[in-house]
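The figures that follow rest on heavy atoms only: side chains count, while hydrogens, waters and symmetry mates do not.
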Amino acid sequence: MKFTAEQIAGILEGEVVGNPNAEVSKLSKIEEGENGSLTFLANPKYINYIYSTKATVTIVNDSFVPEQEITTTLIKVEDAYAAFSKLLHFYNQVKLNKTGIEPQSFMSEGTKYGENLYLGSFSYIGQNVVLGDNVKIYPNSFIGDNVVIGDNVFIFAGAKIYSETVIGNNCTIHSGVIIGADGFGFAPNENGEYSKVPQIGNVILEDNVDVGANTTIDRATLGSTIIRKGVKLDNQIQIAHNVEIGKNTVIAAQSGVAGSTKIGENCMIGGQVGIAGHLIIGNNVRLQAQSGVARNIKDDEVLQGTPSLGYTDFNKSYVHFKNLPKIVAEVEELKKQIINPKNGNNG
């Protein structure tokens, strides 16, 4: 799909300097620009590239004044970085705006769906499913019985949404995600074996939730596992049964949250963090990467380490840890001096 500089300037409310009919069909970095591509200049460190780039069109700040001859057509805007981000969003929406039901997909009778549905090949829609407007379900996806999905939801290839799951508006579910699988519920019996505890709850994702590739969110034993509005989950995260994550919390890759833990709002949780079960994590908490959390955490705490310590205490302790061999050597030397005092001094 091609766009002219004039069309792009209209989207961004910018001003064209150069050829308004210059056409672009792809995006590029400024240092890798080529004919037919669109790029941007926001960081002053890259300013030299604007004189050599082969990109057809470049978005720049209003304040930019070339000091040498340039061949690229400019689109001047108030904030080049923000404008390019807006354009990326627009480009992505156009690229992903598929509609129609492809052959070899299956939709159960009684499925209700809104306008502009896209259902990719080899996807399955169970009984009593309700789909909102502009839902895009890519190939090889599974939507179980009684699932409810809101408007403007993207479910990418290979995702699996188990029965009774509820997904709000403007959510994105990436490839390999599994929502609503059984929680890890087993009880030991008198023979030392483990009997399964039925998991009959569901999962609820509120509006504006993003779930990264290969992340799993387990259904509740009873009630619901709840991911609140605006939560962003990275790839390869495990959310266990009956967990609740507060709105606008973000969690980085390879983290795990054990069953029935409640995480507050606006938290930031780094990669490979492990959180034990049945805990209360407050609002605005920061957990540094690879922290292990085994206690309740109050609002606004910043923790690091395993078991996790206050961030400042961890850093102070780490200084001593790095110096531990030296400290041990000094202690050993002191012991020698006490046991074998010099000059007959018995200390």
Side-chain angles (χ1 to χ4, degrees), residues 105-108 111 119-120 122-131 135 137-150 153-168 171-188 193-206 209-228 231-246 249 251-263 269 271-279:
S105 60
F106 177 82
M107 180 183 294
S108 298
T111 299
L119 181 61
F122 307 108
S123 292
Y124 175 93
I125 307 292
Q127 297 180 355
N128 303 315
V129 169
V130 178
L131 308 173
V135 172
I137 301 172
Y138 283 75
N140 294 307
S141 296
F142 169 84
I143 310 296
D145 297 342
N146 307 311
V147 168
V148 177
I149 297 175
V153 172
F154 288 89
I155 299 175
F156 285 99
K160 306 293 185 287
I161 314 297
Y162 283 38
S163 63
E164 281 75 47
T165 295
V166 177
I167 297 175
C171 293
T172 299
I173 312 299
H174 283 282
S175 293
V177 166
I178 298 177
I179 298 177
D182 281 358
F184 191 61
F186 297 90
E193 300 170 340
Y194 285 87
S195 301
K196 185 170 180 60
V197 177
Q199 309 289 291
I200 61 172
N202 74 337
V203 176
I204 298 174
L205 272 62
E206 295 186 343
V209 170
D210 281 48
V211 183
N214 292 324
T215 283
T216 55
I217 305 174
D218 291 344
R219 69 171 55 245
T221 306
L222 295 170
S224 299
T225 301
I226 303 176
I227 313 299
R228 297 291 184 191
V231 167
K232 311 300 180 186
L233 302 178
D234 198 357
N235 304 332
Q236 298 179 321
I237 291 172
Q238 159 64 11
I239 305 298
H241 56 191
N242 291 95
V243 166
E244 182 174 337
I245 301 178
T249 283
I251 304 180
Q254 298 183 352
S255 294
V257 184
S260 299
T261 283
K262 311 300 180 188
I263 298 175
I269 298 174
Q272 296 185 337
V273 168
I275 302 177
H278 302 273
L279 300 180

Asks: Using the test side chain to side chain donor-acceptor pair (under 3.5 Å), find all partners of N242 that sit at least two apart in sequence or belong to another chain.
Replies: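 Result, side chain to side chain donor-acceptor pair (under 3.5 Å) vs N242: none returned.
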Asks: Please enumerate all residues that pass side chain to side chain contact (heavy atoms under 4.5 Å, CB included) together with T261, with sequence neighbours excluded.
Replies: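 V257, I263, I275, L279, I281.
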Asks: Looking at every heavy atom in both V209 and E206, which two are closest together, and how far apart are they?
Replies: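 Distance-wise, the nearest heavy atoms are CG2-O, 3.3 Å.
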Asks: Under the side chain to side chain contact (heavy atoms under 4.5 Å, CB included) criterion, do L119 and L131 qualify, and how do the steps go?
Replies: CA-CA 11 Å; L119 181 61; L131 308 173; over 6 Å; no
Asks: By side chain to side chain donor-acceptor pair (under 3.5 Å), which residues pair with S175, not counting sequence neighbours?
Replies: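 In terms of side chain to side chain donor-acceptor pair (under 3.5 Å), with neighbours along the sequence ignored, S175 is linked to no residue.
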Asks: Taking all non-hydrogen atoms of both residues, which atom of S105 and which atom of G120 are closest, and how far apart?
Replies: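 It is CB-O, 3.4 Å.
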Asks: Would you compute the distance between atom NE2 of H174 and atom CD1 of I155 and round it to the nearest 0.5 angstrom?
Replies: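 The distance works out to 12.0 Å.
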Asks: Of I167, T172, I217, which is the lone residue that meets side chain to side chain contact (heavy atoms under 4.5 Å, CB included) with V211?
Replies: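 Exactly one pass, corresponding to I217.
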Asks: Has T215 got a side-chain atom pairing as donor or acceptor with Q236's backbone, closer than 3.5 angstrom?
Replies: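 Looks like yes, one N/O pair under 3.5 Å.
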Asks: How far apart are the closest heavy atoms of G212 and V177, and which atoms are they?
Replies: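 Shortest heavy-atom contact: O-CG2, 3.0 Å.
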Asks: Under the criterion side chain to side chain contact (heavy atoms under 4.5 Å, CB included), which of I227, D218, V203 is the partner of I239?
Replies: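 Exactly one pass, corresponding to I227.
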Asks: Hey, could you give me the CD1/OG1 distance between I178 and T165, rounded to the nearest 0.5 Å?
Replies: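 Going from the CD1 atom of I178 to the OG1 atom of T165 covers 11.5 Å.
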Asks: Might you point out which heavy atoms bring A258 and A240 nearest each other, and give the distance in Å?
Replies: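 Minimum heavy-atom contact is C-CB, 3.6 Å.
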Asks: Taking side chain to side chain donor-acceptor pair (under 3.5 Å) as the definition, give me every residue that meets it alongside T221, ordered by chain and number, with sequence neighbours left out.
Replies: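 With neighbours one apart ignored, the set is Q199, H241.
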Asks: Hey, which of T216, V166, L205 is the one that makes side chain to side chain contact (heavy atoms under 4.5 Å, CB included) with I179?
Replies: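 That would be L205.
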Asks: Measure the spacing between OH of Y124 and CD1 of I161 and express it to the nearest 0.5 Å.
Replies: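 These two atoms lie 14.5 Å from each other.
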Asks: Look at the side chain of S108 and the backbone N and O of I125, then say whether any donor-acceptor pair between them is shorter than 3.5 Å.
Replies: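 Looks like yes, one N/O pair under 3.5 Å.
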Asks: So, taking the atom named CD in Q254 and the one named CD in Q238, what distance separates them when rounded to the nearest 0.5 Å?
Replies: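 Spacing of CD (Q254) from CD (Q238) equals 13.0 Å.
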Asks: Between side-chain atoms of residues 141-149 and protein atoms elsewhere (two or more places apart, or another chain), which donor-acceptor pairs fall under 3.5 Å?
Replies:
residue: S141; atom: OG; partner: Y138; partner atom: O; Å: 2.8
residue: S141; atom: OG; partner: F156; partner atom: O; Å: 3.3
residue: D145; atom: OD1; partner: Q127; partner atom: N; Å: 2.8
residue: N146; atom: OD1; partner: N128; partner atom: ND2; Å: 3.3
residue: N146; atom: ND2; partner: E164; partner atom: OE2; Å: 2.7

Asks: Treating R219 as the side-chain partner and S163 as the backbone partner, does any N or O pair qualify as donor plus acceptor under 3.5 Å?
Replies: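 Pair found, side chain donor or acceptor close to backbone of S163.
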Asks: Locate the shortest heavy-atom distance separating I137 from S123; write the atom from each residue and the value.
Replies: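 Between these two residues, the closest heavy atoms are CG2-OG, 4.2 Å.
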Asks: Which residues pass the side chain to side chain contact (heavy atoms under 4.5 Å, CB included) test with F186, sequence neighbours left out?
Replies: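 Testing F186 for side chain to side chain contact (heavy atoms under 4.5 Å, CB included), a comparison that skips the adjacent residues, returns F184, Y194, K196.
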Asks: How close do A213 and N235 get, counting heavy atoms only, and between which atoms?
Replies: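 Result for this residue pair: N-OD1, 2.7 Å.
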Asks: Apply side chain to side chain donor-acceptor pair (under 3.5 Å) to S224 and list each qualifying residue two or more places apart in sequence or on a separate chain.
Replies: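 Testing S224 for side chain to side chain donor-acceptor pair (under 3.5 Å), a comparison that skips the adjacent residues, returns N202.
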Asks: Under the salt bridge (Lys or Arg N to Asp or Glu O under 4.0 Å) rule, what pairs show up with a residue in residues 232-243, not counting sequence neighbours?
Replies: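 Counting only pairs at least two positions apart or across chains, the salt bridge (Lys or Arg N to Asp or Glu O under 4.0 Å) contacts touching residues 232-243 are D210-K232.
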